[in-house]
2 protein chains.
Amino acid sequence: MSQPIADHPFTPHDHQQCIDQAMARAEALCRRQRARLTPLRRRVLELLWQSHRPVGAYELLEQLRTGSRAAPPTVYRALDFLQRVGLAHRLASLNAYTGCCYPGESHAGQFLICRSCQASSELSSAGVSRSIRQATAAAGFSVEQQTVEIHGLCSRCRED
Amino acid sequence: MSQPIADHPFTPHDHQQCIDQAMARAEALCRRQRARLTPLRRRVLELLWQSHRPVGAYELLEQLRTGSRAAPPTVYRALDFLQRVGLAHRLASLNAYTGCCYPGESHAGQFLICRSCQASSELSSAGVSRSIRQATAAAGFSVEQQTVEIHGLCSRCRED
DNA sequence: AACAAAATGTTATAGTGTTACATATCACAG
DNA sequence: CTGTGATATGTAACACTATAACATTTTGTT
C-alpha cells in the first residue's frame with residue numbers, strides 16, 4: 001500500500017502539498033481508468049481538498065456558485081463521480097464529503113472525526129478490517145461495504 | 001454481558017418473543033432510571049420492534065397516524081428519548097432507527113445490515129471495539145462515539 | 001388545589017438528496 | 001472532417017429527513 005495523501009491531518013503540515021498531491025494522483029487515476037475529470041469535477045475535488053474538514057453538498061454548491069450558476073444535481077453528480085472512481089468518500093454520520101487519501105487502492109473507508117476542529121482523518125487499518133471480517137464471518141454475513149466513523153477528540157484538540 | 005434480545009435476527013425465530021422481551025426490558029430499564037415510558041414512547045418502541053428492519057421516522061409517523069394525528073416532532077422526540085435512555089439506535093447510513101438489543105448495557109453500536117432482506121443485526125464485538133481503540137490510540141485520538149455499519153448479505157439471503 | 005417540570009400538539013421551515021427532461025459536449029466511426 | 005451515440009451538464013420541480021418556536025396538556029410534588 002502506498003503512502004496516504006495526508007498522513008497526519010490533525011497536525012500542522014504543508015497543506016498545499018496535500019492539495020497538489022491529491023490533484024496529481026486524481027489526474028493519474030482518471031487517465032488510467034479512462035474516466036473524465038472534467039473542469040467541474042476537478043473544481044469540486046479541489047474544493048473538497050481545501051481542508052481536512054468534510055464538506056456538505058450545499059456548502060460546495062455555494063462555492064461553485066461564485067462565477068457560475070449551479071443547482072443541486074450539479075454538485076451531487078460530481079460527488080457521485082468522485083466516489084465512483086474512488087477519489088472521495090461520503091461520511092454518513094455527517095452528511096458530508098471528503099477527499100480520499102488512498103485513491104486507486106481498494107480500502108474500506110474508516111474515519112476519525114474530531115468534534116472540536118472538525119477535521120477528519122482516513123484510516124486504513126488492517127486490524128479493524130480484519131476484526132470486522134472475523135466478527136461478521138462468525139455470523140455468516142458477507143461484507144460489501146463498511147461504514148466506520150469514529151467521533152472524538154484529535155490529539156491536537158486534546159491538548160487545549 | 002447479558003443475552004442480547006435478538007441473537008440471530010437473520011434466521012427464523014419466534015419474533016413475538018423478541019417483542020415481549022424488548023418491552024419487558026424497556027419497562028424495567030425505565031423504572032430503574034426513573035424515565036417515563038409514556039404511551040406514545042411505548043408505542044414507538046413497539047413499532048420499532050415489529051421486525052428487525054430499521055424503520056424511517058416518517059414511516060413510524062404514518063403508523064402513528066392511524067387513530068391519532070401526529071406531526072414530525074412527535075416521532076422525533078420519542079426517538080430522541082429512546083436513544084437517550086438506550087432503547088434505540090439511529091443508523092446513519094440508512095437514516096433509520098432500530099430497537100436496541102442490549103438495553104441498559106454500555107456498548108458501542110455495531111450493525112450488520114442485509115441489503116436483500118433489509119434486516120439488521122446489532123453486534124457487540126469486543127474484538128472490533130478493541131481494534132478500533134488500538135488503531136485510534138496510535139493516532140492519539142480519544143473516541144467518544146462509534147458508528148460502525150456493515151452492509152452486505154446475511155447468511156439466509158446468501159443461500160437464495 | 002397550586003405550582004413547576006415534563007411531555008405533547010401545531011405550524012412553519014431548514015437541510016439533504018433525487019427525478020425528469022432539456023441542452024450541450026465529447027469520442028469515435030465512417 | 002462530420003454525423004451519431006454516449007456522456008456530461010443545465011434547469012425546474014419535488015421528495016425525504018429533521019428541527020425551531022411557541023402553545024397546550026399532563027404529571028409529579030407540595
Side-chain angles (χ1 to χ4, degrees), chain A residues 26-27 30-48 53-85 87-98 113 118 147 149, chain B residues 26-27 30-48 53-85 87-98 113 118 147 149:
Chain A
E27 299 275 11
C30 287
R31 212 153 32 228
R32 272 204 306 282
Q33 296 193 8
R34 275 139 183 67
R36 289 160 61 182
L37 188 61
T38 64
L40 179 65
R41 291 163 171 178
R42 181 175 231 290
R43 178 97 188 282
V44 170
L45 185 59
E46 279 168 357
L47 290 173
L48 286 180
R53 182 178 61 85
V55 188
Y58 278 73
E59 200 177 335
L60 291 170
L61 191 51
E62 290 257 313
Q63 300 184 260
L64 280 184
R65 270 172 171 152
T66 64
S68 77
R69 50 214 155 346
T74 298
V75 67
Y76 281 106
R77 283 189 290 227
L79 289 169
D80 285 348
F81 168 84
L82 294 172
Q83 289 173 84
R84 209 163 49 236
V85 300
L87 290 170
H89 294 283
R90 176 173 191 273
L91 301 192
S93 62
L94 296 178
N95 293 336
Y97 303 83
T98 189
I113 302 159
Q118 280 147 64
T147 299
E149 301 175 13
Chain B
E27 298 275 12
C30 287
R31 215 153 29 229
R32 271 204 306 284
Q33 295 193 9
R34 275 142 182 64
R36 289 160 60 183
L37 189 60
T38 64
L40 178 66
R41 291 163 172 178
R42 183 176 230 288
R43 178 97 189 281
V44 170
L45 186 59
E46 280 168 358
L47 290 174
L48 286 180
R53 183 177 61 84
V55 188
Y58 278 72
E59 200 177 333
L60 291 170
L61 192 51
E62 290 256 314
Q63 301 185 258
L64 280 183
R65 271 173 173 153
T66 65
S68 76
R69 49 215 156 344
T74 298
V75 66
Y76 280 106
R77 283 189 289 225
L79 289 169
D80 284 346
F81 168 83
L82 294 172
Q83 289 173 85
R84 210 162 49 236
V85 300
L87 290 169
H89 294 283
R90 175 173 192 274
L91 301 192
S93 63
L94 297 177
N95 293 336
Y97 302 83
T98 189
I113 301 159
Q118 279 146 65
T147 298
E149 302 175 14

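Sequence lines set the chain letters: A, B, ... in the order given, protein chains first and strands last, and positions in each chain run from 1.
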Worksheet item: Do any side-chain nitrogens or oxygens of A:T74 fall under 4.0 Å of OP1 or OP2 in D:dT9?
Response: no

Discussion item. Would A:L60 and A:L48 count as a side chain to side chain contact (heavy atoms under 4.5 Å, CB included) here? Give the steps.
Written reply: CA-CA 8 Å; A:L60 291 170; A:L48 286 180; 4.0 Å; yes

Worksheet entry | Residues from residues 34-42 of chain A lying under 4.0 Å of DNA chain C - heavy atoms | A:R36

Worksheet item: What is the distance from atom CG of A:L82 to atom OG1 of A:T98, rounded to the nearest 0.5 Å?
Response: 11.5 Å

For nucleotides 20-25 of chain D, tabulate all protein N/O to nucleotide N/O atom pairs closer than 3.5 Å, reporting atom names and distance.
none

Practice prompt. Go through the structure and list residues passing side-chain hydrogen bond (donor to acceptor under 3.5 Å, both in side chains) with B:Q83, not counting sequence neighbours.
Written response: none

Discussion item. Which residues in residues 57-66 of chain A have a heavy atom closer than 4.0 Å to any atom of DNA chain D?
Written reply: none

Worksheet entry | Residue pairs fulfilling side-chain hydrogen bond (donor to acceptor under 3.5 Å, both in side chains) with at least one residue in residues 34-47 of chain B, sequence neighbours excluded | B:E27-B:R42, B:R42-B:E46

Fill in: Sequence-distant partners of B:Q33, side chain to side chain contact (heavy atoms under 4.5 Å, CB included), two or more places apart
B:L29, B:A35, B:V85

Item to complete: Please report the C-alpha distance between B:F81 and B:V44 in whole Å, then the side-chain angles of each, then the deciding distance to 0.1 Å, and finally whether the side chain to side chain contact (heavy atoms under 4.5 Å, CB included) criterion is met.
Response: CA-CA 10 Å; B:F81 168 83; B:V44 170; over 6 Å; no

Item to complete: Grab the CG-C1' distance between B:L91 and D:dT17 for me, whole Å please.
Response: 15 Å

Item to complete: Return the set of residues passing side chain to side chain contact (heavy atoms under 4.5 Å, CB included) with A:R69 (not counting sequence neighbours), or none when no residue passes.
Response: none

Discussion item. Taking any atom closer than 4.0 angstrom to a non-hydrogen atom of chain B, what span of DNA chain C does the protein reach, first nucleotide to last?
Written reply: C:dA6 to C:dT11

Worksheet item: Between D:dT9 atom P and A:L82 atom CG, what is the distance in whole Å?
Response: 10 Å

Discussion item. Does any part of the side chain of A:I113, heavy atoms only, come nearer than 4.5 Å to the side chain of A:P54, both counted from C-beta?
Written reply: no

Worksheet item: Taking atom P of D:dT17 as reference, at what distance in whole Å does atom CZ of B:R90 sit?
Response: 10 Å

Item to complete: Work out which heavy atom in B:L61 is nearest to a heavy atom in B:A71; give both atom names and the distance.
Response: CD1-O, 3.6 Å

Worksheet item: Do B:L47 and B:L64 pass the side chain to side chain contact (heavy atoms under 4.5 Å, CB included) test, and can you show the C-alpha distance, the side-chain angles, and the key distance before you say yes or no?
Response: CA-CA 9 Å; B:L47 290 174; B:L64 280 183; 4.0 Å; yes

Worksheet item: Can you list the residues that meet the side chain to side chain contact (heavy atoms under 4.5 Å, CB included) rule with A:E62, with sequence neighbours excluded?
Response: none

Item to complete: List for me each residue that meets side-chain hydrogen bond (donor to acceptor under 3.5 Å, both in side chains) alongside A:T147, sequence neighbours excluded, and say none if there are none.
Response: A:Q145

Which atom pairs, donor and acceptor, lie under 3.5 Å between side-chain atoms of residues 87-94 of chain B and protein residues at least two apart or in another chain?
from, atom 1, to, atom 2, distance (Å)
B:H89, NE2, B:H107, NE2, 3.1
B:H89, NE2, B:E122, OE2, 2.9
B:R90, NE, B:Y97, OH, 3.4
B:R90, NH2, B:N95, OD1, 2.9
B:S93, OG, B:E149, OE1, 2.3
B:S93, OG, B:H151, NE2, 2.8

